[in-house]
Amino acid sequence: MAAQRILVIEDEAGAREALKSLLDEEGYTVATAESGLRGLERVSDFHPDTVVCDFYLPDIDGLQVLRAVRALSESGITVIVITAGCGGDEAEKTLRSEADFFFQKPLDLRRFRDVLQSSRGNGTARAAVAV
């Protein structure tokens with residue numbers, strides 16, 4: 001079976017490279033993007049199984065990315081949103097209901113790995129939450 005393809009959308013270079021390195025070490029095929037719009041372009045050309053997206057991005061936020069990925073994808077891309085905070089209770093409630101998984105920073109790496117292994121890019125775990 002081919003390695004799961006994961007797209008990391010994160011504007012902070014250090015965090016983006018750390019996630020990429022972690023996922024590379026785990027044997028995933030990884031692509032990265034530094035903004036939401038660039039991430040959506042990568043969805044179209046990289047065809048990820050899973051998108052890991054920061055909520056705060058310089059152009060569009062993680063919720064907009066999540067909704068655009070859902071609109072672009074007929075194959076059920078798993079979307080994991082990560083954030084240090086997401087602009088209030090209402091935004092967090094919306095993310096928790098729409099994302100497949102939602103993680104607060106700093107990441108619990110063990111739980112993050114477990115989620116990646118269990119999701120395998122099938123988009124079936126909507127509304128599951130990891131904090």
Q: In Å and rounded to the nearest 0.5 Å, what is the CG to OG distance from Leu72 to Ser44?
A: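 So the gap between those two atoms works out to 5.0 Å.
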Q: Please enumerate all residues that pass side-chain contact (heavy atoms from CB on, under 4.5 Å) together with Glu17, with sequence neighbours excluded.
A: Lys20
Q: If we check side-chain contact (heavy atoms from CB on, under 4.5 Å) with Arg5, which of these qualifies: Ile77, Thr29, Val30, Thr50?
A: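 Option passing the side-chain contact (heavy atoms from CB on, under 4.5 Å) with Arg5: Thr29.
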Q: Ignoring hydrogens and angles, tell me if any N or O in the side chain of Arg16 forms a donor-acceptor pair with the backbone of Glu10 under 3.5 Å.
A: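 Indeed, once roles are kept as given, a pair shorter than 3.5 Å links the two residues.
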Q: Is it true that Arg70 and Asp100 make a salt bridge, defined as a side-chain N closer than 4.0 Å to a carboxylate O?
A: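 Salt bridge flag = yes for Asp100 with Arg70.
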Q: Could I get the full list of side-chain contact (heavy atoms from CB on, under 4.5 Å) partners for Glu41, not counting sequence neighbours?
A: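 Checked Glu41 against side-chain contact (heavy atoms from CB on, under 4.5 Å); matches are Arg38.
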Q: Which heavy atom in Val43 sits nearest to a heavy atom in Pro48, and how many Å separate them?
A: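 Shortest heavy-atom separation between Val43 and Pro48 comes out as O-CD, 3.6 Å.
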Q: Using atom types as modelled and distance alone, determine if a side-chain donor or acceptor of Gln117 lies under 3.5 Å from a backbone N or O of Asp114.
A: no
Q: Give me the atom names and distance for the closest heavy-atom approach of Gly36 to Val65.
A: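 Closest heavy-atom pair between Gly36 and Val65: CA-CG2, 3.7 Å.
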Q: To the nearest 0.5 Å, how far apart are CZ in Phe55 and CD1 in Ile82?
A: 12.5 Å
Q: Which atom pair, heavy atoms only, marks the closest approach of Ala99 to Val81?
A: CB-CG2, 3.9 Å
Q: Is any side-chain heavy atom of Leu22 closer than 4.5 Å to a side-chain heavy atom of Arg113?
A: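 Yes, close enough: below the 4.5 Å cut-off.
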Q: Applying side-chain hydrogen bond (donor to acceptor under 3.5 Å, both in side chains), name anything that partners Ser35, two or more places apart in sequence or on another chain.
A: Asp59
Q: Indicate yes or no: at least one non-hydrogen side-chain atom of Thr83 is less than 4.5 angstrom from one of Lys105.
A: no
Q: Under the rule for side-chain hydrogen bond (donor to acceptor under 3.5 Å, both in side chains), what residues qualify as partners of Arg42, not counting sequence neighbours?
A: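 Residues passing side-chain hydrogen bond (donor to acceptor under 3.5 Å, both in side chains) with Arg42: Asp45.
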Q: Would you mind reporting whether Asp49 and Thr78 have side-chain heavy atoms less than 4.5 Å apart?
A: no
Q: Which residues pass the side-chain hydrogen bond (donor to acceptor under 3.5 Å, both in side chains) test with Glu12, not counting sequence neighbours?
A: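 Residues passing side-chain hydrogen bond (donor to acceptor under 3.5 Å, both in side chains) with Glu12: none at all.
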Q: For a quick test of reading the model, state the closest non-hydrogen atom pair linking Leu7 to Ala33 and the distance between them.
A: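 In this case the closest contact between Leu7 and Ala33 is CD1-N, 4.3 Å.
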Q: Does Thr32 reach the side chain of Phe46, with side-chain heavy atoms less than 4.5 Å apart?
A: no
Q: Any side-chain heavy atom of Ile80 within less than 4.5 Å of one from Phe112?
A: yes
Q: Work out which heavy atom in Asp108 is nearest to a heavy atom in Phe103; give both atom names and the distance.
A: O-CE2, 4.3 Å
Q: My understanding is that only residues two or more places apart in sequence, or in another chain, count here; which of them pass side-chain contact (heavy atoms from CB on, under 4.5 Å) with Ser21?
A: Glu25
